[in-house]
Amino acid sequence: MRRLYASDSELKAEKDGVSDSESKVDSGIPEVPAPADDTPEVLNKALSGLSSRWKNWWVRGILTLAMIAFFFFIIYLGPMVLMMIVLCVQIKCFHEIIMIGYSVYHSYDLPWFRTLSWYFLLCVNYFFYGETVTDYFFTLVQREEPLRILSKYHRFISFALYLTGFCMFVLSLVKKHYRLQFYMFGWTHVTLLIVVTQSHLIIHNLFEGMIWFIVPISCVICNDIMAYMFGFFFGRTPLIKLSPKKTWEGFIGGFFSTIVFGIVLSYFMSGYRYFVCPVEFNNDSNSFQVDCEPPELFQLQEYTMPSILESVTGWTTVRLYPFQIHSVALSSFASIMGPFGGFFASGFKRAFKIKDFANTIPGHGGIMDRFDCQYLMATFVNVYIASFIRGPNPSKVIQQLLALRPDQQLHIFNSLKAHLLEKGLLPAVEEAAA
Amino acid sequence: MKKERYEQCSACSVLHKGAGHYRKCQDEVFGGGRGREQTAGINKHAQRSCRCPAELRTDSIAPERALDRPPPAEEARRRRPDSTDNISDKEAGGDDRPNLPGDAEGEGDVDSKADTPDVPLSTADTDNTPECLNKALEGLPPRWKNYWIRGVLSIAMISGFFLIIYMGPITLIFVVMCVQIKCFQEIITIGYRVYHSYELPWFRTLSWYFLVCVNYFFYGETVADYFGALVQREEPLQFLARYHRFISFTLYLAGFCMFVLSLVKKHYRLQFYMFAWTHVTLLIVVTQSHLVIQNLFEGMIWFIVPISIVICNDIMAYLFGFFFGRTPLIKLSPKKTWEGFIGGFFGTVVFGFILAFLLSQFQYFVCPVEFNSETNSFAVECEPSDIFVVQEYTLPAVVQNTLRWKTVNLYPFQIHSVFLSSFASLIGPFGGFFASGFKRAFKIKDFANTIPGHGGIMDRFDCQYLMATFVHVYITSFIRGPNPSKVLQQLLKLQPEQQLSIFHSLHAHLRDRGMLPEA
């Protein structure tokens with residue numbers, strides 16, 4: 001729970017904490033922005049009658065509903081829009097963290113540094129999105145000549161761009177500000193590591209099928225809300241010193257309800273092709289399509305219940321989508337590990353004496369505040385998919401195959417043939433013909 | 001915290017307690033004299049001979065630079081653990097006072113600076129030369145002694161390099177891993193010193209744990225790629241290889257959770273700094289070493305030539321700078337000169353060209369390192385690829401007229417070596433400037449004191465930072481495509497219907513190319 005209107009004395013105390021010795025040097029430099037009243041006018045008018053505590057509740061509630069509605073809306077709009085949104089969120093998160101760095105180190109006026117931070121963001125994004133584009137838009141890329149060259153030498157071009165930034169950094173080192181500049185360099189790189197890789201993995205998950213994007217994010221949001229509710233009604237034992245408002249009751253209640261929510265949500269979503277099929281780029285129509293034969297994972301199957309449950313519910317078998325079982329794993333991760341991302345962000349805010357990352361969303365703080373529990377979720381889902389669900393991307397494998405030398409291709413062809421024959425996938429007739 | 005006023009005797013630089021006391025010390029030296037008398041007095045009045053009573057002196061020596069003015073009490077207190085006393089005036093970045101926010105932030109949360117233990121002085125100054133060398137060189141004046149030590153150690157390192165090349169790929173991998181661990185340790189130790197965080201709970205354990213995790217991830221991927229056949233044979237290895245990413249991620253997560261649980265109220269900021277420091281160090285050190293190993297597996301020549309080129313560029317730039325150096329290159333490293341830079345560039349290109357010629361003839365250097373499943377050892381034997389086969393090139397007309405040769409027999413690899421040398425000479429130094437800036441920023445003279453006369457391992461490897469990445473990117477972009485065994489592995493992991501469809505596409509492709517007999 002964040003208080004929107006900190007009292008003046010608290011704000012002052014915070015300011016003192018921040019400037020404990022950013023030095024007695026000069027006080028003219030802007031300090032960390034204190035949370036200001038940012039609610040839109042319309043909301044303020046509508047709620048002017050209520051006392052300030054209830055007003056705060058209402059503002060948070062309305063904004064929560066608005067964000068969830070927005071989430072549904074962009075899902076409806078399709079994969080392209082989702083990618084754009086992820087990109088925008090990533091840029092905003094990066095901007096928020098970098099602004100905190102500037103405030104902490106009073107380095108807003110460092111020569112070149114703002115330019116260099118954005119330049120590095122651009123480089124790393126170019127590298128990651130280039131790889132994604134090459135993988136998924138393979139045929140489109142092969143068709144267009146300039147795209148083909150860009151994709152063939154992609155790593156080299158990205159590396160050259162990064163090097164340019166590196167050299168600019170070295171040349172921009174100014175005598176009195178070495179340490180500061182190194183700090184900002186390190187700060188930028190760690191931020192890139194966290195923010196950009198996560199967003200890239202989200203896009204990968206998205207291409208597997210929109211359900212792999214929606215269910216994890218929904219599980220984390222649900223865990224947040226459920227843990228808060230359980231904590232509000234039943235909360236008694238504090239969980240961790242870092243976040244004094246979290247309780248064990250909230251944690252455990254959130255765990256169980258998130259699992260139930262995950263099972264129910266995956267049941268609903270597995271029925272629709274729109275969510276379940278991998279996103280593919282159709283060369284002929286030059287657009288994204290989500291149409292396919294649903295893989296096994298999303299087909300109803302019968303499972304025999306263990307005897308304990310049989311006696312309780314009186315059912316011998318139950319029909320489930322296999323994906324629902326996977327969703328239990330995802331929900332467990334979201335409930336158990338997700339909060340650690342939240343604690344990490346709390347510790348970070350505590351360390352740098354800021355109340356919120358920024359003030360973008362009234363009542364909630366910045367974008368990073370909303371996404372702090374999602375940090376690890378995207379990586380986990382990606383690793384989970386790569387390890388347990390499906391193997392490597394076939395188009396990528398074809399790409400690599402075609403890049404090999406002919407004798408290597410022949411060698412692989414023969415090995416593959418032997419393998420398929422062993423598995424009985426190739427009829428013997430085929431062998432004779434080949 | 002006691003607020004003591006310390007005044008610095010401008011003669012012996014010792015900090016004296018008590019307001020007027022240092023003046024008494026100074027009066028002993030200067031006795032009212034000026035000019036040459038003053039200088040002589042200062043020379044005589046070395047730190048040890050300061051006759052002020054012990055209880056009025058501190059133990060530490062303030063930096064030489066502060067001779068100009070007595071530092072304020074706080075700064076003296078802050079500087080004390082900071083071991084800044086061995087930066088020569090020429091190289092120091094002038095007025096880079098530790099009064100920066102970053103410094104204070106590190107201590108802002110800590111209760112009292114009296115609790116943090118005094119960090120040992122920078123080790124760069126202690127004389128670490130082995131006894132035998134010291135004895136052999138005791139007759140010479142200190143300047144020549146320094147040169148001799150550096151020279152002897154350089155030759156020792158180069159011989160060591162040859163020896164490990166001779167011993168083969170496994171030893172090389174092992175040595176790379178050891179160097180990586182030492183570099184990581186050096187940088188982390190600097191972080192501890194800068195932030196006085198040596199006593200932070202858990203932190204040393206966590207740093208090493210993260211190093212182990214990331215190494216497990218990278219080496220696991222390498223092993224799975226190159227030792228494919230071996231991995232398929234052993235059951236436990238197969239399991240580890242199949243779920244490798246998941247296992248690595250779990251290990252990393254465990255470390256992350258330990259970090260979050262170890263956050264202690266007064267040390268939040270410090271702990272976050274050390275966390276970030278560890279991660280940036282891992283990013284730099286471990287990825288580079290991993291790429292070095294990947295280059296090694298392409299063929300030992302891709303390991304030897306880049307490293308030799310960087311070393312040669314170092315030495316050549318130094319020699320050219322020594323003999324012809326006049327115009328300074330960059331404010332960051334005042335000892336580098338344009339003459340050294342350009343001379344080093346041409347010298348390195350020539351050296352690379354010749355070295356490539358010499359090494360391309362041997363299969364031992366040129367062949368990709370492969371693991372032979374039957375003999376369970378590494379084999380370096382193959383049909384040399386195209387770039388290591390001598391080819392005839394027609395010289396451009398300009399050169400033809402001067403040399404009167406029409407064609408020249410070259411290994412194509414020699415042309416690639418020109419690009420590698422250019423990178424090493426032009427961009428490599430930026431890695432060195434980065435390291436100089438880093439040392440300047442954190443006020444250390446050397447990363448550590450491992451190699452007498454040269455500093456730490458990182459000091460020797462600072463120009464190699466970018467070279468390994470460049471060589472790897474160069475190889476993947478221009479030399480060869482993906483690794484065939486890796487592609488086969490991925491093929492076998494696909495779903496059967498995907499495998500079938502790929503099989504048919506490949507079949508059609510090969511038939512088009514005429515590699516397969518028509519049905």
Side-chain angles (χ1 to χ4, degrees), chain A residues 20-23 25 105-106 153 155-156 159 163 166-167 170 173 175-176 178-180 182-183 186 189-190 193 241-242 337 340 343-344 347-348 350-352 376 379-380 383 386-387 391-392 394 397-398 400-404 406 408-413 415-417 419-420 423 425 433-434, chain B residues 93-96 99-102 104 108 243 245-246 249 253 256-257 260 263 265 268-269 272 276 279-280 283 331-332 427 430 433-434 437-438 440-442 466 469-470 473 476-477 481-482 484 487-488 490-496 498-500 502-503 505-507 509-510 513 515-516 519:
Chain A
D20 52 2
S21 168
E22 242 67 322
S23 48
V25 173
Y105 291 112
H106 305 289
Y153 299 110
R155 285 197 180 184
F156 192 73
F159 184 62
L163 267 191
F166 183 83
C167 295
V170 171
L173 289 173
K175 202 169 183 186
K176 288 197 185 11
Y178 288 148
R179 197 184 284 221
L180 211 56
F182 271 93
Y183 279 162
H189 277 69
V190 176
L193 195 71
K241 278 201 296 277
L242 199 47
M337 286 296 151
F340 277 92
F343 299 150
F344 186 81
F348 181 83
R350 207 62 69 79
F352 294 100
L376 303 165
T379 319
F380 176 75
V383 170
S387 303
V397 178
I398 293 185
Q400 291 183 319
L401 259 181
L402 295 174
L404 288 173
Q408 291 168 327
Q409 286 175 346
L410 197 57
H411 171 73
I412 289 186
F413 177 76
S415 320
L416 185 61
K417 194 162 80 166
H419 176 84
L420 287 174
K423 285 225 173 173
L425 288 168
Chain B
D95 218 7
D96 217 2
N99 210 358
L100 291 171
Y243 299 110
R245 283 199 180 182
F246 192 73
F249 184 63
L253 267 192
F256 183 83
C257 295
V260 172
L263 288 175
K265 197 165 181 183
Y268 289 147
R269 198 183 283 219
F272 271 93
H279 278 68
V280 175
L283 194 72
K331 278 199 297 271
L332 198 48
I427 309 287
F430 279 91
F433 299 150
F434 186 82
F438 181 84
R440 207 63 68 76
F442 294 102
L466 304 166
T469 319
F470 175 75
V473 170
T476 46
S477 301
V487 177
L488 187 58
Q490 289 184 322
L491 259 182
L492 295 173
K493 273 200 250 174
L494 288 174
Q495 311 278 351
Q498 292 166 328
Q499 286 177 342
L500 258 180
I502 289 185
F503 176 77
S505 329
L506 189 57
H507 187 85
H509 177 84
L510 285 175
R513 285 245 184 144
M515 304 273 311
L516 279 180

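The basis for the numbers below is simple: all heavy atoms, side chains too, and nothing from hydrogens, waters or symmetry mates. Labels below follow one simple rule: chain letters A, B, ... track the order of the sequence lines, proteins then strands, and each chain is numbered from 1.
Taking every heavy atom of both residues into account, A:Leu173 and B:Gly437 meet most closely at CD1-CA, 4.2 Å.
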Intermediate values then yes/no, side chain to side chain contact (heavy atoms under 4.5 Å, CB included), A:Phe159 and A:Tyr153: CA-CA 10 Å; A:Phe159 184 62; A:Tyr153 299 110; over 6 Å; no
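Between A:Phe413 and B:Phe503, the ring center distance clears the sub-6.0 Å criterion.
Proximity to chain A (any heavy atom under 4.5 Å) is restricted, for B:Phe272, to the side chain, taken from C-beta onward. The part of B:Phe249 that comes within reach of chain A is its side chain, from C-beta onward, which places non-hydrogen atoms under 4.5 angstrom from that chain. Only the side chain of A:Leu163 comes within contact range of chain B, with heavy atoms under 4.5 Å apart. Using a 4.5 Å cut-off between heavy atoms, B:Phe256 contacts chain A through its side chain alone, with no backbone atom that close. For a residue to count as touching a neighbouring chain, one of its non-hydrogen atoms must lie under 4.5 Å from one of that chain's; by this rule A:Phe348 touches chain B with backbone and side chain alike.
In this structure, CG on B:Leu466 lies 5.0 Å from CZ on A:Phe166, to the nearest 0.5 angstrom.
Between B:Phe442 and A:Arg179, the closest side-chain pair of non-hydrogen atoms falls below 4.5 Å.
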